Engineer: 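Handing you a structure now.
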Amino acid sequence: QVLGLATSSLALHAPSQIAAAIEQRAGEAGYSLVMAMVRGSGPNACRQALQELRAQRVDGVLINAPLSSHDAAALAEAAGAWPLLFLDTDPGGAVPSVLFDPAEGARCGAHHLLQHGHRQIALLAGEAHSISAQLRLQGWRETLADAGLEPVAVQYGDWSAAEGYRQTQHLLAAGTPFSAMLVANDQMALGVVRALHEAGRQIPQQVSVVGYDDTADSAFFYPPLTTVRQDFKVLGAQAVDTLLAGIDGGMRSQVLPVTLVARGTTG
Ligand code: IPT
(Lines give C-alpha, C1' and ligand atoms only; values in the text may rest on other atoms or scores of the structure.)
Protein backbone atom coordinates (compact mmCIF):
# COMPACT_ATOMS: atom_id res chain seq x y z
CA GLN A 1 0.00 0.00 0.00
CA VAL A 2 1.23 3.42 -0.95
CA LEU A 3 0.56 6.97 0.22
CA GLY A 4 1.33 10.07 -1.84
CA LEU A 5 2.81 13.40 -0.77
CA ALA A 6 2.54 16.45 -3.00
CA THR A 7 4.91 18.95 -1.46
CA SER A 8 6.40 22.44 -1.73
CA SER A 9 10.12 22.52 -2.52
CA LEU A 10 12.13 20.21 -0.28
CA ALA A 11 14.97 22.72 -0.50
CA LEU A 12 13.05 24.52 2.26
CA HIS A 13 13.68 23.24 5.79
CA ALA A 14 10.06 23.02 7.01
CA PRO A 15 8.65 21.00 4.08
CA SER A 16 11.65 18.65 4.16
CA GLN A 17 11.31 18.03 7.91
CA ILE A 18 7.55 17.51 7.45
CA ALA A 19 8.21 15.03 4.63
CA ALA A 20 10.68 13.13 6.84
CA ALA A 21 8.09 12.89 9.63
CA ILE A 22 5.41 11.71 7.21
CA GLU A 23 7.69 9.09 5.70
CA GLN A 24 8.54 7.77 9.15
CA ARG A 25 4.91 7.42 10.28
CA ALA A 26 3.85 5.91 6.96
CA GLY A 27 6.60 3.30 7.34
CA GLU A 28 5.48 2.46 10.89
CA ALA A 29 1.96 1.94 9.54
CA GLY A 30 3.26 -0.41 6.83
CA TYR A 31 2.88 2.04 3.93
CA SER A 32 5.47 3.31 1.54
CA LEU A 33 5.51 6.94 0.43
CA VAL A 34 5.74 8.38 -3.06
CA MET A 35 6.50 12.08 -3.44
CA ALA A 36 5.75 14.61 -6.15
CA MET A 37 7.11 18.15 -6.06
CA VAL A 38 4.70 21.01 -6.61
CA ARG A 39 6.64 23.30 -8.96
CA GLY A 40 5.43 26.87 -8.86
CA SER A 41 2.32 27.99 -7.03
CA GLY A 42 -1.44 27.67 -7.26
CA PRO A 43 -3.93 24.94 -8.13
CA ASN A 44 -2.51 24.08 -11.56
CA ALA A 45 0.93 23.32 -10.19
CA CYS A 46 -0.77 21.12 -7.61
CA ARG A 47 -2.95 19.38 -10.20
CA GLN A 48 0.17 18.38 -12.11
CA ALA A 49 1.69 16.79 -8.98
CA LEU A 50 -1.59 14.98 -8.25
CA GLN A 51 -1.60 13.53 -11.77
CA GLU A 52 1.90 12.14 -11.21
CA LEU A 53 0.73 10.52 -7.97
CA ARG A 54 -2.49 9.20 -9.53
CA ALA A 55 -0.39 7.46 -12.20
CA GLN A 56 1.48 5.68 -9.40
CA ARG A 57 -1.79 4.41 -7.91
CA VAL A 58 -1.39 5.87 -4.42
CA ASP A 59 -4.26 5.14 -2.00
CA GLY A 60 -4.51 8.72 -0.73
CA VAL A 61 -2.57 11.97 -0.85
CA LEU A 62 -1.22 14.53 1.61
CA ILE A 63 -0.86 17.98 0.05
CA ASN A 64 1.70 20.27 1.67
CA ALA A 65 1.58 23.19 -0.73
CA PRO A 66 -0.14 26.54 -0.16
CA LEU A 67 -3.75 26.59 -1.38
CA SER A 68 -6.62 28.98 -0.70
CA SER A 69 -9.83 27.40 0.65
CA HIS A 70 -11.36 27.88 -2.76
CA ASP A 71 -8.55 26.15 -4.67
CA ALA A 72 -8.35 23.32 -2.11
CA ALA A 73 -12.11 22.73 -2.40
CA ALA A 74 -11.85 22.56 -6.21
CA LEU A 75 -9.04 19.97 -6.01
CA ALA A 76 -10.94 17.87 -3.44
CA GLU A 77 -14.06 17.96 -5.58
CA ALA A 78 -12.16 16.85 -8.69
CA ALA A 79 -10.55 14.00 -6.70
CA GLY A 80 -13.95 12.44 -5.93
CA ALA A 81 -13.54 9.41 -3.65
CA TRP A 82 -9.71 9.57 -3.77
CA PRO A 83 -8.83 10.93 -0.27
CA LEU A 84 -6.88 14.21 -0.18
CA LEU A 85 -5.70 15.75 3.09
CA PHE A 86 -4.48 19.36 3.08
CA LEU A 87 -1.56 20.59 5.21
CA ASP A 88 -1.22 24.21 4.02
CA THR A 89 -4.59 25.91 3.64
CA ASP A 90 -6.96 28.10 5.65
CA PRO A 91 -8.18 26.36 8.85
CA GLY A 92 -11.54 28.04 8.21
CA GLY A 93 -11.98 26.14 4.93
CA ALA A 94 -14.25 23.15 4.27
CA VAL A 95 -11.68 20.55 3.08
CA PRO A 96 -10.13 17.96 5.43
CA SER A 97 -6.94 19.43 6.89
CA VAL A 98 -4.31 19.05 9.60
CA LEU A 99 -2.82 22.48 10.35
CA PHE A 100 -1.05 24.50 13.01
CA ASP A 101 -3.16 27.48 14.00
CA PRO A 102 -1.60 30.44 12.13
CA ALA A 103 -3.53 33.08 14.10
CA GLU A 104 -2.39 31.59 17.41
CA GLY A 105 1.22 31.29 16.23
CA ALA A 106 1.33 34.89 15.09
CA ARG A 107 -0.28 36.06 18.32
CA CYS A 108 2.28 34.20 20.50
CA GLY A 109 5.22 35.80 18.69
CA ALA A 110 3.80 39.32 18.74
CA HIS A 111 2.70 39.02 22.39
CA HIS A 112 6.17 37.97 23.43
CA LEU A 113 7.61 41.18 21.96
CA LEU A 114 4.87 43.34 23.47
CA GLN A 115 5.55 41.77 26.88
CA HIS A 116 9.17 42.84 26.55
CA GLY A 117 7.99 46.40 25.95
CA HIS A 118 8.68 46.65 22.21
CA ARG A 119 6.69 49.30 20.34
CA GLN A 120 8.65 49.68 17.09
CA ILE A 121 8.17 46.33 15.41
CA ALA A 122 9.04 45.48 11.78
CA LEU A 123 7.37 42.56 10.01
CA LEU A 124 8.99 40.21 7.52
CA ALA A 125 6.22 38.10 6.02
CA GLY A 126 6.57 34.97 3.88
CA GLU A 127 5.85 34.55 0.19
CA ALA A 128 2.89 36.76 -0.75
CA HIS A 129 0.93 33.99 -2.51
CA SER A 130 1.22 31.58 0.46
CA ILE A 131 -1.97 31.30 2.50
CA SER A 132 0.01 30.56 5.66
CA ALA A 133 2.18 33.64 5.08
CA GLN A 134 -0.97 35.76 4.68
CA LEU A 135 -2.60 34.38 7.83
CA ARG A 136 0.55 34.87 9.94
CA LEU A 137 0.83 38.46 8.71
CA GLN A 138 -2.83 39.08 9.49
CA GLY A 139 -2.37 37.63 13.01
CA TRP A 140 0.62 39.92 13.66
CA ARG A 141 -1.26 42.97 12.42
CA GLU A 142 -4.30 42.19 14.57
CA THR A 143 -2.24 41.60 17.71
CA LEU A 144 -0.34 44.86 17.20
CA ALA A 145 -3.58 46.74 16.44
CA ASP A 146 -5.10 45.43 19.70
CA ALA A 147 -2.15 47.04 21.48
CA GLY A 148 -2.73 50.30 19.58
CA LEU A 149 0.29 49.77 17.32
CA GLU A 150 1.05 49.73 13.61
CA PRO A 151 4.12 47.88 12.31
CA VAL A 152 6.96 50.27 11.43
CA ALA A 153 7.63 48.31 8.23
CA VAL A 154 6.11 45.38 6.32
CA GLN A 155 8.23 43.37 3.91
CA TYR A 156 7.88 40.03 2.14
CA GLY A 157 10.44 37.31 1.45
CA ASP A 158 10.51 33.93 -0.32
CA TRP A 159 11.17 31.95 2.93
CA SER A 160 14.94 31.72 2.23
CA ALA A 161 17.86 32.90 4.39
CA ALA A 162 19.19 34.91 1.44
CA GLU A 163 15.95 36.87 1.27
CA GLY A 164 15.92 37.46 5.06
CA TYR A 165 19.41 38.90 4.70
CA ARG A 166 18.51 41.16 1.73
CA GLN A 167 15.25 42.45 3.20
CA THR A 168 16.97 43.32 6.49
CA GLN A 169 19.64 45.24 4.59
CA HIS A 170 16.85 47.20 2.86
CA LEU A 171 15.17 47.89 6.19
CA LEU A 172 18.44 49.15 7.69
CA ALA A 173 19.19 51.26 4.62
CA ALA A 174 15.74 52.89 4.82
CA GLY A 175 16.68 54.23 8.26
CA THR A 176 13.32 53.32 9.85
CA PRO A 177 13.82 52.97 13.62
CA PHE A 178 12.87 49.53 14.95
CA SER A 179 13.63 47.56 18.11
CA ALA A 180 12.24 44.18 17.05
CA MET A 181 11.39 42.02 14.05
CA LEU A 182 8.75 39.36 13.60
CA VAL A 183 9.94 36.97 10.90
CA ALA A 184 7.60 34.46 9.21
CA ASN A 185 10.08 31.56 9.32
CA ASP A 186 13.38 30.52 10.86
CA GLN A 187 15.22 30.21 7.56
CA MET A 188 14.63 33.91 6.81
CA ALA A 189 15.52 34.69 10.45
CA LEU A 190 18.95 33.13 9.86
CA GLY A 191 19.64 35.79 7.22
CA VAL A 192 18.08 38.52 9.36
CA VAL A 193 20.40 37.74 12.27
CA ARG A 194 23.46 37.79 9.99
CA ALA A 195 22.51 41.17 8.46
CA LEU A 196 21.95 42.67 11.91
CA HIS A 197 25.31 41.36 13.14
CA GLU A 198 27.09 42.83 10.11
CA ALA A 199 25.43 46.18 10.72
CA GLY A 200 26.68 46.14 14.31
CA ARG A 201 23.21 45.87 15.88
CA GLN A 202 23.40 43.77 19.01
CA ILE A 203 20.84 40.99 19.42
CA PRO A 204 18.84 41.19 21.66
CA GLN A 205 20.20 44.37 23.34
CA GLN A 206 19.39 46.59 20.33
CA VAL A 207 17.12 44.43 18.21
CA SER A 208 15.01 41.41 19.15
CA VAL A 209 14.12 38.75 16.56
CA VAL A 210 11.33 36.17 16.67
CA GLY A 211 11.23 33.38 14.07
CA TYR A 212 8.56 30.85 13.18
CA ASP A 213 8.81 27.01 12.78
CA ASP A 214 11.46 25.90 15.30
CA THR A 215 13.14 23.67 12.76
CA ALA A 216 15.72 21.21 14.10
CA ASP A 217 18.59 23.70 13.64
CA SER A 218 17.00 26.78 15.18
CA ALA A 219 18.41 26.25 18.68
CA PHE A 220 21.91 26.47 17.13
CA PHE A 221 21.67 29.97 15.65
CA TYR A 222 23.82 32.61 17.35
CA PRO A 223 22.23 33.72 19.54
CA PRO A 224 19.86 30.73 19.80
CA LEU A 225 16.63 31.72 18.07
CA THR A 226 13.43 32.62 19.88
CA THR A 227 10.67 31.19 17.71
CA VAL A 228 7.17 29.79 17.39
CA ARG A 229 7.34 26.02 17.55
CA GLN A 230 5.43 23.90 15.09
CA ASP A 231 6.11 20.29 16.01
CA PHE A 232 6.63 18.71 12.61
CA LYS A 233 6.87 15.16 14.03
CA VAL A 234 3.40 15.58 15.50
CA LEU A 235 2.15 17.03 12.22
CA GLY A 236 3.57 14.11 10.23
CA ALA A 237 2.07 11.52 12.56
CA GLN A 238 -1.37 13.16 12.71
CA ALA A 239 -1.42 13.70 8.96
CA VAL A 240 -0.69 10.05 8.18
CA ASP A 241 -3.14 8.75 10.82
CA THR A 242 -5.88 11.05 9.55
CA LEU A 243 -5.31 10.08 5.92
CA LEU A 244 -5.37 6.36 6.80
CA ALA A 245 -8.71 6.92 8.55
CA GLY A 246 -9.85 8.65 5.36
CA ILE A 247 -8.91 5.65 3.23
CA ASP A 248 -11.16 3.56 5.50
CA GLY A 249 -14.00 6.06 5.70
CA GLY A 250 -14.00 9.61 7.09
CA MET A 251 -11.43 12.27 7.87
CA ARG A 252 -11.67 14.71 10.77
CA SER A 253 -9.84 18.03 10.40
CA GLN A 254 -7.48 19.00 13.18
CA VAL A 255 -5.85 22.20 14.34
CA LEU A 256 -2.57 21.52 16.15
CA PRO A 257 -1.20 23.75 18.93
CA VAL A 258 1.87 25.99 18.60
CA THR A 259 4.08 27.24 21.42
CA LEU A 260 6.53 30.09 21.84
CA VAL A 261 10.10 28.95 22.56
CA ALA A 262 11.98 31.84 24.20
CA ARG A 263 15.74 31.65 23.55
CA GLY A 264 18.48 34.21 23.07
CA THR A 265 17.28 36.57 20.33
CA THR A 266 14.64 38.38 22.38
CA GLY A 267 14.80 40.60 25.41
C1 IPT B 1 5.64 26.59 6.14
C2 IPT B 1 6.87 27.00 6.93
O3 IPT B 1 6.49 27.58 8.14
C4 IPT B 1 7.70 27.98 6.14
O5 IPT B 1 8.94 28.09 6.80
C6 IPT B 1 7.91 27.57 4.69
O7 IPT B 1 8.86 26.51 4.66
C8 IPT B 1 6.60 27.14 4.06
O9 IPT B 1 5.96 26.14 4.85
C10 IPT B 1 6.80 26.60 2.66
O11 IPT B 1 5.58 26.52 2.02
S12 IPT B 1 4.90 25.24 7.05
C13 IPT B 1 3.44 24.86 6.17
C14 IPT B 1 2.89 23.55 6.69
C15 IPT B 1 2.42 25.94 6.37
Side-chain angles (χ1 to χ4, degrees), residues 5-22 35-43 45-46 49 61-69 71-72 85-93 95-106 108-109 123-140 156-164 167 182-192 209-218 221 225 227-240 242-243 253-261:
L5 170 62
T7 177
S8 298
S9 169
L10 293 180
L12 291 171
H13 299 170
S16 78
Q17 289 174 23
I18 292 167
I22 288 171
M35 284 192 258
M37 239 50 74
V38 178
R39 290 177 197 83
S41 61
C46 225
V61 180
L62 301 164
I63 304 182
N64 181 23
L67 291 163
S68 68
S69 311
D71 290 339
L85 180 64
F86 295 84
L87 307 185
D88 191 356
T89 186
D90 187 333
V95 294
S97 62
V98 177
L99 305 163
F100 295 102
D101 187 343
E104 177 58 19
C108 294
L123 308 181
L124 177 52
E127 224 158 26
H129 70 79
S130 154
I131 181 77
S132 295
Q134 292 161 17
L135 294 170
R136 290 173 197 175
L137 177 60
Q138 188 185 326
W140 287 338
Y156 294 83
D158 65 2
W159 303 118
S160 72
E163 191 76 355
Q167 294 297 335
L182 285 164
V183 184
N185 74 334
D186 291 358
Q187 250 183 301
M188 288 199 294
L190 180 62
V192 167
V209 178
V210 179
Y212 204 112
D213 279 337
D214 198 23
T215 43
D217 304 329
S218 304
F221 285 35
L225 187 68
T227 188
V228 176
R229 179 168 173 72
Q230 307 195 98
D231 190 328
F232 295 135
K233 290 221 166 76
V234 170
L235 173 66
Q238 293 293 341
V240 169
T242 303
L243 182 63
S253 291
Q254 285 179 67
V255 178
L256 304 175
V258 291
T259 47
L260 185 99
V261 183

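When a ligand or atom number is given, it counts from 1 through the structure's own listing order. Just so we're clear, the structure is a prediction, and the values are computed from it rather than from any experiment.
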Engineer: Side chain to side chain contact (heavy atoms under 4.5 Å, CB included) with V261: which residues, sequence neighbours excluded?
Structural biologist: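 V261 satisfies side chain to side chain contact (heavy atoms under 4.5 Å, CB included) with D214, R229, R263 only.
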Engineer: What's the verdict on side-chain contact (heavy atoms from CB on, under 4.5 Å) for L67 and I131, showing C-alpha distance, side-chain angles and the deciding distance?
Structural biologist: CA-CA 6 Å; L67 291 163; I131 181 77; 5.8 Å; no
Engineer: I'd like the residue list for ligand 1, meaning every protein residue with a non-hydrogen atom under 4.0 Å from the ligand.
Structural biologist: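 Residues S8, L12, A14, P15, I18, N64, L87, D88, S132, R136, W159, N185, D213, Q230 each place a heavy atom under 4.0 Å from ligand 1, listed by chain and number.
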Engineer: Holding to side-chain hydrogen bond (donor to acceptor under 3.5 Å, both in side chains), I want the full list of residues that pass it with Q230, two or more places apart in sequence or in another chain.
Structural biologist: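 If we apply the side-chain hydrogen bond (donor to acceptor under 3.5 Å, both in side chains) test to Q230, skipping adjacent residues, the hits are D213.
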Engineer: Go through the structure and list residues passing side-chain hydrogen bond (donor to acceptor under 3.5 Å, both in side chains) with Q134, not counting sequence neighbours.
Structural biologist: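 Counting only residues at least two positions away or on another chain, Q134 forms no side-chain hydrogen bond (donor to acceptor under 3.5 Å, both in side chains).
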Engineer: Are any side-chain N or O atoms of S8 and backbone N or O atoms of N64, one a donor and one an acceptor, separated by less than 3.5 Å?
Structural biologist: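 Yes; at least one donor-acceptor contact below 3.5 Å.
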Engineer: Just by distance, do the side chain of Q238 and the backbone of Q254 share a donor-acceptor pair under 3.5 Å?
Structural biologist: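 No.
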